[in-house]
S.K.: 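To start, I am sharing the structure in question, which I have written as structure tokens.
Position 1 is the first residue of the sequence, and the numbers go up from there.
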Amino acid sequence: MKIFKNLFKTVLVLAVSLTIFASCSDDDYNTTAPAPATNTIVDFVSSNSDYSILLEALQTADGGIVESLNSGGPFTVFAPNNAAFRAFLSANNFDYLSDVPTAMLSQILLNHVTGGNALAASLSTGYDIKSLSTATPSGANMSLYINTADGVVINGVSTVTTADVSVDNGTIHAVDAVIGLPTVVTFALADPNFSTLVSALTREDLTFDFIGTLSTANGTAPAPFTVFAPINQAFLDLVEEVDVIDSLDDIDEPKLNAILKMHAVAGANVLAADLSDNMTIATLGGDITANITGGATLTDSNNRVSTIIAVNVQASNGVIHAIDKVIGD
């Protein structure tokens, strides 16, 4: 009997051991490893309550923006907080985010995104980067004007408040204002190289509303526009060349009006690639001639030649090319 009892205990222990082993083995094979945690651009926005309106906007927009910012990249995002969105809605007479047309909202969001990892230290003053927005007359990507003279300011309207937030698929810079879709006027106002031009365009005695006209949205006549914008030095040179004036204020209204109109083309978004030798360009003030051999230039009816020194600043309602000399005077 004792032998049978010992044998029974041995079998029982063996059975229990096998059951435990089998149970452990099943657990080992059936356990699924948890998915690795992610911290994408969308994850960051989702986890920060101060970006709840931005998250809502991303979820509302079309074109797969959320999917792209959640998986692709790298991207750089200038992220407006809730206060920035509320200010944007109020300024544009929208009561709610849902009042913003979806197509417009999508392009505005894309205007906050650029490809690559653009850290703050790598940004420089100028138009070196373009956004992913294509709400332009040519369908080209929208220009962004970055000014690093005092921090980082985008298009003269939005300042980076927190830079270089690193996420899995790019970089986020917090900004204090929504970056709307810029017009050619937006860039003229934002870029200090055009401050003298802006002063001329806004002179109180002008009988033509240049700012209002050049702010016309694309799709509404006389937009789109091509603006050949003289830099500040061009106006200084003009004053020096004309002995009878000491400043632009000394140019009478009819003459200044005529000069300014020679620098704007209505109804066309003329890119640098569209220019050719002996090409006639009809401006608001008369014809000028473009040439590209040996460098792009513009010649007026008085054979005054201006060199195009920067091209294709693309806005939502036209394009700007910077020139080094005032024409049509």
S.K.: State, yes or no, whether a side-chain contact exists between Phe225 and Val319 at a heavy-atom distance under 4.5 Å.
M.R.: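 Counting from C-beta outward, Phe225 and Val319 never come under 4.5 Å.
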S.K.: Filter on salt bridge (Lys or Arg N to Asp or Glu O under 4.0 Å), then keep only pairs touching residues 77-104, sequence neighbours left out; what's left?
M.R.: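 As it turns out, there is no salt bridge (Lys or Arg N to Asp or Glu O under 4.0 Å) pair with a partner in residues 77-104 once direct neighbours are skipped.
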S.K.: Indicate yes or no: at least one non-hydrogen side-chain atom of Leu97 is less than 4.5 angstrom from one of Ile53.
M.R.: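 Of all side-chain heavy-atom pairs linking Ile53 with Leu97, at least one is under 4.5 Å.
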S.K.: Does a side-chain heavy-atom distance below 4.5 Å link Val165 with His173?
M.R.: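 No, their side chains stay 4.5 Å or more apart.
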S.K.: Verify the distance criterion only: is there a donor paired with an acceptor across the side chains of Thr280 and Asp287 at less than 3.5 Å?
M.R.: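 There is no such pair between these side chains.
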S.K.: My understanding is that only residues two or more places apart in sequence, or in another chain, count here; which of them pass salt bridge (Lys or Arg N to Asp or Glu O under 4.0 Å) with Asp205?
M.R.: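 Salt bridge (Lys or Arg N to Asp or Glu O under 4.0 Å) check on Asp205 returns Arg203.
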S.K.: Is a side-chain donor-acceptor pair under 3.5 Å present for Thr171 with Asp164?
M.R.: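 Side-chain D/A pair, Asp164 to Thr171: absent.
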S.K.: Please table the atom pairs, donor to acceptor, closer than 3.5 Å between any side-chain atom in residues 184-191 and protein atoms at least two apart or in another chain.
M.R.:
residue: Thr186; atom: OG1; partner: Thr183; partner atom: N; Å: 3.0
residue: Thr186; atom: OG1; partner: Thr183; partner atom: OG1; Å: 3.3
residue: Asp191; atom: OD1; partner: Asn193; partner atom: N; Å: 2.9
residue: Asp191; atom: OD1; partner: Asn193; partner atom: ND2; Å: 3.0
residue: Asp191; atom: OD2; partner: Tyr127; partner atom: OH; Å: 2.7

S.K.: Any side-chain heavy-atom pair from Phe228 and Thr226 closer than 4.5 angstrom?
M.R.: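 Yes, close enough: below the 4.5 Å cut-off.
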S.K.: Looking at Lys325 and Glu241, is there a salt bridge between them, counting it only when a charged N and a carboxylate O are closer than 4.0 Å?
M.R.: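 Lys325 and Glu241: not salt-bridged.
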S.K.: Would you list the pairs meeting salt bridge (Lys or Arg N to Asp or Glu O under 4.0 Å) in which at least one residue belongs to residues 261-283, sequence neighbours left out?
M.R.: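 Checked against salt bridge (Lys or Arg N to Asp or Glu O under 4.0 Å) - neighbours excluded - no pair reaches residues 261-283.
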S.K.: Any side-chain heavy atom of Asn48 within less than 4.5 Å of one from Tyr51?
M.R.: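 They are in contact (side-chain heavy atoms under 4.5 Å apart), so the answer is yes.
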S.K.: Regarding Thr216 and Asn317, do their side chains bring together a donor and an acceptor under 3.5 Å, going by distance alone?
M.R.: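 No, Asn317 and Thr216 have no side-chain donor paired with an acceptor closer than 3.5 Å.
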S.K.: Within the structure provided, determine whether Ser247 and Phe235 are in side-chain contact (heavy-atom separation under 4.5 Å).
M.R.: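 No - every pair of side-chain heavy atoms lies 4.5 Å or more apart.
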S.K.: Give every residue pair that meets the salt bridge (Lys or Arg N to Asp or Glu O under 4.0 Å) criterion with at least one member in residues 123-150, sequence neighbours excluded.
M.R.: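 As it turns out, there is no salt bridge (Lys or Arg N to Asp or Glu O under 4.0 Å) pair with a partner in residues 123-150 once direct neighbours are skipped.
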S.K.: Quick one: do the Thr40 and Asn169 side chains pair a donor with an acceptor below 3.5 Å?
M.R.: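 Distance-only check fails for Thr40 and Asn169.
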S.K.: Whether the Ser133 and Gln107 side chains hold a donor-acceptor pair (N or O, under 3.5 Å, no angle test) is what I'd like checked.
M.R.: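 Indeed, the side chains of Ser133 and Gln107 share at least one donor-acceptor pair under 3.5 Å.
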S.K.: What residues join Ile146 in its hydrophobic cluster, counting side-chain heavy atom gaps under 4.5 Å, either direct or through other members?
M.R.: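 Members alongside Ile146: Phe78, Leu123, Ile129, Leu144, Val152, Ile154, Val160, Val175, Ile179.
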S.K.: Asn291 and Thr297: side-chain donor and acceptor closer than 3.5 Å?
M.R.: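 Looking only at side-chain atoms, Thr297 and Asn291 do not form any donor-acceptor pair under 3.5 Å.
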S.K.: Measure the shortest side-chain to side-chain distance between Asn141 and Thr134 over non-hydrogen atoms and say whether it is less than 4.5 angstrom.
M.R.: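 A side-chain contact exists here, since the closest heavy-atom pair is under 4.5 Å.
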